[in-house]
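Below is one structure, written out as structure tokens, with a few remarks after it.
Throughout, a chain's letter reflects where its sequence line sits, starting with A, and its residues are numbered from 1.
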There are 2 protein chains.
Amino acid sequence: MPEGSSPPMGQSLLFLTDEQLRKGIEAMFFAYRGFTADPDRILAQKSYGRAHHRAIHFIHRSPGTTVNNLLSILGVTKQSLNRVLRTLIEDGLVASTVGTRDKRERHLHLTTEGAALERELSDAQRDRMRAAYRAAGPAAVAGFRQVLEAMMDDETRHHYEAMKEKTE
Amino acid sequence: MPEGSSPPMGQSLLFLTDEQLRKGIEAMFFAYRGFTADPDRILAQKSYGRAHHRAIHFIHRSPGTTVNNLLSILGVTKQSLNRVLRTLIEDGLVASTVGTRDKRERHLHLTTEGAALERELSDAQRDRMRAAYRAAGPAAVAGFRQVLEAMMDDETRHHYEAMKEKTE
DNA sequence: TTGGAATGTCAACAAAGCTGACGTATTGTG
DNA sequence: CACAATACGTCAGCTTTGTTGACATTCCAA
């Protein structure tokens, strides 16, 4: 081990100490609570849960998506998604139409009422996000997104990238 | 509305568009899955859940903490925490000792075995965090933390700040 | 045409949150 | 001292959201 071969530790690698990593972990945990808090409050009033929000969000994002596609995006079992979807369909927030090419598939759309709830939920969530973004500034936001993307599983990142490109 | 009074929109406020905010929201959702994936795998083997992980994490961070304090950090009810805590104590991962100054309080510590599991879980979680940090670089990490902190509820941020200072 | 794959539904169960009620030990206060 | 408040534990019961397993329907390809 040659002496004096010190790498540029002082400024560039301190952010990789266990201490820094732990702070990042705790920040992630605490921030996620804030992230879900506002939609959760709205959902509770209507006796829906976070799972309903997720379904509504991604149906809004990809109108006409199939149950199977939604499944792989959300990363849950079809039985779990089905329960949520059933209530949303019963309540008239989501429309499920049998596929024309493949009749096994169901294509999912938000109804007018469903779109209204989507709007209400995403407005609430965006308000907090906007405040956080504004407080932190554009450079911080870029870093925020970079780290989050690097944190995803490969398969998950594919879903994310696909969603990202859809409206770019 | 005076014409030509355009603010510096082009570069500085594009990150506040609904589109950008939506991407941030989805990034948060997908990244959180990666964030919990590795510990979840370890926990499943031992038939514990995420709730056990959280308890273990914060007992490790604040040895001797009381049940009440843990409650307010985790933001759950005592009944919910108690179920988790009871199994951890039964399994010999956590030690609960009657307070000396106030005998109503229980002070919580990790046993040797509990510390071993904590180590295993946080190693796994840190590994992913480290990879993400390394990939994104120090500037991005600073931004990441800034945005997360701005996203927290006020009360939650107080907990976070208190934890942060504990080892600085 | 028939058997396997894909899609979606029903039933039953588990984890982890919640409320409400109650018991016990201890502390602090009028 | 008597009594209210606090800290903790527990029982019962409910909700949301995840899981497996079994099964019906539909499509496609051998």
Side-chain angles (χ1 to χ4, degrees), chain A residues 29 32-33 36-37 39-59 64-91 94-108 121, chain B residues 29 32-33 36-37 39-59 64-91 94-109:
Chain A
F29 168 67
Y32 200 78
R33 278 227 297 257
T36 56
D40 280 356
R41 263 187 290 274
I42 296 170
L43 290 159
Q45 289 173 354
K46 314 194 189 288
S47 58
Y48 288 133
R50 226 173 266 180
H52 299 84
H53 183 190
R54 292 197 280 261
I56 288 174
H57 176 98
F58 286 110
I59 292 173
T65 186
T66 65
V67 173
N68 236 7
N69 184 44
L70 205 49
L71 237 47
S72 77
I73 290 172
L74 294 175
V76 298
T77 59
K78 58 180 177 174
Q79 294 89 333
S80 194
L81 175 58
N82 184 258
R83 181 180 5 188
V84 166
L85 232 34
R86 189 170 44 214
T87 72
L88 289 176
I89 291 168
E90 279 170 6
D91 295 355
V94 168
S96 163
T97 61
V98 174
T100 48
R101 227 195 47 188
D102 187 335
K103 290 179 190 161
R104 290 172 302 182
E105 294 180 342
R106 301 295 135 90
H107 296 283
L108 304 170
L121 291 169
Chain B
F29 169 66
Y32 200 78
R33 277 230 295 261
T36 56
D40 279 356
R41 264 188 289 275
I42 296 170
L43 290 158
Q45 289 173 354
K46 313 194 191 289
S47 58
Y48 288 135
R50 226 173 265 180
H52 299 83
H53 184 189
R54 292 198 280 262
I56 287 172
H57 175 97
F58 287 109
I59 293 172
T65 186
T66 65
V67 173
N68 242 2
N69 184 45
L70 203 49
L71 238 43
S72 76
I73 290 172
L74 294 176
V76 298
T77 60
K78 62 174 179 175
Q79 294 90 330
S80 197
L81 175 59
N82 185 257
R83 183 178 2 182
V84 166
L85 230 36
R86 190 169 42 213
T87 71
L88 290 175
I89 292 169
E90 278 170 5
D91 295 355
V94 168
S96 164
T97 60
V98 173
T100 48
R101 225 195 49 187
D102 185 336
K103 290 179 190 163
R104 290 171 304 182
E105 295 179 340
R106 299 295 134 89
H107 297 283
L108 304 170
H109 295 266

TODO: Round to a whole Å and report the spacing from CG of Leu88(A) to P of dT9(C).
DONE: 13 Å
Open item on the list: Regarding dT17(D), can its base be found pairing with the side chain of Arg83(A) as donor and acceptor, where the two atoms are less than 3.5 Å apart?
Closed with: yes
TODO: Look at the side chain of Arg104(B) against the base of dT6(D) and say whether a donor-acceptor pair falls under 3.5 Å; ignore hydrogens and angles.
DONE: yes
TODO: Could you state the atom-to-atom distance from NE2 of His53(B) to C1' of dA16(C) in whole Å?
DONE: 16 Å
- [ ] Report the C-alpha separation of Tyr48(A) and Ile56(A) in whole Å, then their side-chain angles, then the decisive distance to 0.1 Å, and conclude whether the side chain to side chain contact (heavy atoms under 4.5 Å, CB included) test is met.
- [x] CA-CA 11 Å; Tyr48(A) 288 133; Ile56(A) 288 174; 5.8 Å; no
Open item on the list: If the test is salt bridge (Lys or Arg N to Asp or Glu O under 4.0 Å), which one of Lys46(A), Arg33(A), Arg50(A) qualifies with Asp40(A)?
Closed with: Arg50(A)
- [ ] Could you check how far CG of Asp102(B) sits from C1' of dT6(D), rounded to whole Å?
- [x] 8 Å
- [ ] Report yes if at least one side-chain N or O of Thr77(A) is closer than 4.0 Å to OP1 or OP2 of dG18(D); otherwise report no.
- [x] no
- [ ] May I ask you to say what Gly75(B) touches in the nucleic acid, namely base, sugar-phosphate or nothing, with a heavy-atom cut-off under 4.0 Å?
- [x] sugar-phosphate
Open item on the list: Tell me the interatomic distance from Leu74(B), atom CG, to dA16(C), atom C1', rounded to whole angstroms.
Closed with: 13 Å
TODO: Answer with base, sugar-phosphate or nothing: what part of the nucleic acid does Lys103(B) contact at a heavy-atom distance below 4.0 Å?
DONE: sugar-phosphate
- [ ] Identify, between Gln79(A) and Glu105(B), the residue whose nearest nucleotide on DNA chain D lies closer to the 5' end.
- [x] Glu105(B)
Task: Distance, rounded to the nearest Å, where Arg33(A) contributes CZ and dG17(C) contributes P - done: 11 Å
Open item on the list: Looking at every non-hydrogen atom in both residues, tell me the closest pair between Val94(A) and Leu108(A) and how far apart they are.
Closed with: CG1-CD2, 4.2 Å
Open item on the list: On a heavy-atom basis, which atom in Val76(B) and which in Ser80(B) lie closest, and how many Å separate them?
Closed with: CB-CB, 4.3 Å
Task: Residue-phosphate contact under 4.0 Å: His52(A) side-chain N/O, dT17(D) OP1/OP2 - done: yes
Task: Among dT10(D), dG8(C), dG18(D), the one nearest Arg106(A) by side-chain distance - done: dG8(C)
Task: Contact nearer the 5' end of DNA chain C, comparing Lys78(B) with Leu81(B) - done: Leu81(B)
Open item on the list: For a quick check of understanding: with a heavy-atom distance under 4.0 Å over all strands, which category does Arg54(A) fall into, base, sugar-phosphate or nothing?
Closed with: sugar-phosphate
- [ ] Look at Asn82(B) and dC8(D) and indicate whether a side-chain polar atom (N or O) is within less than 4.0 Å of OP1 or OP2.
- [x] no
TODO: Could you go through the side chain to side chain contact (heavy atoms under 4.5 Å, CB included) check for Phe58(A) and Asn69(A) one step at a time?
DONE: CA-CA 10 Å; Phe58(A) 286 110; Asn69(A) 184 44; over 6 Å; no
Open item on the list: From CG of Leu43(A) over to C1' of dT15(D), roughly how many Å is that when rounded to an integer?
Closed with: 14 Å
Open item on the list: I want to check one thing: is the phosphate of dC10(C), taken as OP1 and OP2, less than 4.0 Å away from some side-chain N or O of Arg86(A)?
Closed with: yes
Task: Worked check of side chain to side chain contact (heavy atoms under 4.5 Å, CB included) between Leu121(A) and His57(A) - done: CA-CA 9 Å; Leu121(A) 291 169; His57(A) 176 98; over 6 Å; no
Task: Atom pair distance, as rounded to whole Å: CG in Leu108(B) and P in dC8(D) - done: 8 Å
Task: Protein-nucleotide distance (Glu90(B), atom CD; dG9(D), atom P), rounded to Å - done: 12 Å
Open item on the list: Quick check on DNA chain D: between Thr66(B) and Arg101(A), whose nearest nucleotide comes earlier from the 5' end?
Closed with: Thr66(B)
